Amino acid sequence: MKPEELTQTLIKMQKDTEAGNLKWRMEIQTTEGNEKKYTMEEDGLVWTVDECYVSYVCHYAGKEFCMISYEMIKHAEGQTRTINYIFLPPLGVRLFSLHTLLEHSVKADAVLLSQVHALWMLLMGLVKKGGGQVECIISEANVNIEEEHAGR
């Protein structure tokens with residue numbers, strides 16, 4: 001799917017969600033709360049790295065929709081850098097692994113990333129509100145950057 005098509009689909013899904021017509025399952029795996037942090041040296045600075053995967057799943061237009069987002073957040077001396085990927089994996093591929101998901105990536109332009117963020121904000125608002133429209137599962141992850149980049 002092209003980024004423009006996915007953006008339009010997400011806009012429609014957001015409207016259906018706001019109307020109460022879509023139920024979601026979100027699975028979040030993050031390193032944000034980990035005590036021990038992975039660091040990397042780049043551009044003469046030591047960066048602290050966090051990773052976050054989010055799986056967005058719902059039944060839409062007669063079939064299962066699954067989108068997985070990945071964000072790597074690096075912090076050093078007051079600076080922040082991020083790397084973002086969006087994936088549309090086929091049924092049966094639900095692993096939070098860059099190596100596995102890369103072949104299912106969608107070119108993530110700024111408009112698409114903004115729409116994914118808008119969906120995130122909507123769904124997290126619904127989670128806080130309660131009511132069962134969004135099932136949210138959060139788990140701790142280990143930084144996989146070491147093994148992911150070792151093969152490159």
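Residues take their numbers from the sequence shown, with the count starting at 1. Because the structure is a prediction, the values reported are computed rather than measured.
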Visitor: Tell me, with the steps shown, if Q115 and Q14 meet side-chain hydrogen bond (donor to acceptor under 3.5 Å, both in side chains).
Guide: CA-CA 9 Å; Q115 192 58 48; Q14 186 168 344; 2.7 Å; yes
Visitor: Honestly curious: do V57 and M26 fall in one hydrophobic cluster under the side-chain, below-4.5 Å linking rule?
Guide: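 No; M26 is not reachable from V57 via cluster members.
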Visitor: For a quick test of reading the model, state the closest non-hydrogen atom pair linking P89 to C66 and the distance between them.
Guide: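 That would be CD-O, 3.7 Å.
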Visitor: Dump the intermediate steps for side chain to side chain contact (heavy atoms under 4.5 Å, CB included) on L10 and M67, then the final yes or no.
Guide: CA-CA 10 Å; L10 292 175; M67 175 179 72; 4.1 Å; yes
Visitor: Is the shortest side-chain N to carboxylate O distance from E42 to K74 below 4.0 Å?
Guide: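 Yes.
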Visitor: Identify whether V111 and I86 are in the same connected component of the hydrophobic contact network (ILVMFWY, side-chain heavy atoms under 4.5 Å).
Guide: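 Different clusters.
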Visitor: I'd like to know whether S69 forms a side chain to side chain contact (heavy atoms under 4.5 Å, CB included) with N84, so could you lay out the CA-CA distance, the side-chain angles of the two residues, the decisive distance to 0.1 Å, and finally the verdict.
Guide: CA-CA 7 Å; S69 66; N84 297 276; over 6 Å; no
Visitor: Under the side chain to side chain contact (heavy atoms under 4.5 Å, CB included) criterion, do E77 and L45 qualify, and how do the steps go?
Guide: CA-CA 8 Å; E77 297 182 13; L45 297 173; 3.4 Å; yes
Visitor: Please tell me whether F65 and Y60 form a close aromatic pair, meaning their ring centres lie under 6.0 Å apart.
Guide: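 Not under 6.0 Å, so no.
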Visitor: Checking the side chain of T7 only, and the main-chain atoms of P3 only, is there a donor and an acceptor separated by less than 3.5 Å?
Guide: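 Flag set: sc T7 to bb P3 pair under 3.5 Å.
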Visitor: Provide the closest heavy-atom pair for T100 versus H104 in the form atom of the first, atom of the second, distance.
Guide: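 Closest heavy-atom pair between T100 and H104: O-CD2, 3.7 Å.
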Visitor: Using 4.0 Å as the upper bound for N to carboxylate O, is an ion pair formed by D16 and K23?
Guide: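 The answer is no: the pair does not qualify as a salt bridge.
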Visitor: Hey, is the main chain of T17 close enough, under 3.5 Å, to the side chain of Q133 for a donor-acceptor pair?
Guide: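 Yes, because the side chain of Q133 sits within donor-acceptor range (under 3.5 Å) of the backbone of T17.
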Visitor: Taking CE in M121 as the centre, count heavy atoms belonging to other residues, nucleotides or ligands within less than 6.0 Å. Is the count above 12?
Guide: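 Atom CE in M121 is not crowded, with 12 or fewer foreign heavy atoms closer than 6.0 Å.
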Visitor: Would F87 and L102 count as a side chain to side chain contact (heavy atoms under 4.5 Å, CB included) if you check the C-alpha gap in whole Å, the side-chain angles of each, and the deciding distance to 0.1 Å?
Guide: CA-CA 7 Å; F87 308 102; L102 275 176; 4.1 Å; yes
Visitor: Between K37 and E51, is the salt bridge (Lys or Arg N to Asp or Glu O under 4.0 Å) condition met? List the steps.
Guide: CA-CA 10 Å; K37 297 287 187 173; E51 293 182 303; over 6 Å; no
Visitor: Is it the case that the side chains of T80 and H75 hold a donor-acceptor pair, with the cut-off being a distance below 3.5 Å and no angle test?
Guide: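 Their side chains do contain a donor-acceptor pair, which is all the 3.5 Å distance test asks for.
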Visitor: Report yes or no: does Y53 contribute a side-chain atom to a donor-acceptor pair with the main-chain N or O of L98 at less than 3.5 Å?
Guide: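 Indeed, once roles are kept as given, a pair shorter than 3.5 Å links the two residues.
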Visitor: May I ask you to decide if the ring planes of W120 and Y56 are parallel, tilted or perpendicular, using 30° and 60° as cut-offs?
Guide: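 Rings of W120 and Y56: perpendicular, over 60°.
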Visitor: With a 4.0 Å cut-off on N to O distance, would you call K12 and E5 a salt bridge?
Guide: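 No, K12 and E5 are not salt-bridged.
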Visitor: Can you name the closest pair of heavy atoms from L95 and I68 and give their distance?
Guide: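 The answer is O-CD1, 4.5 Å.
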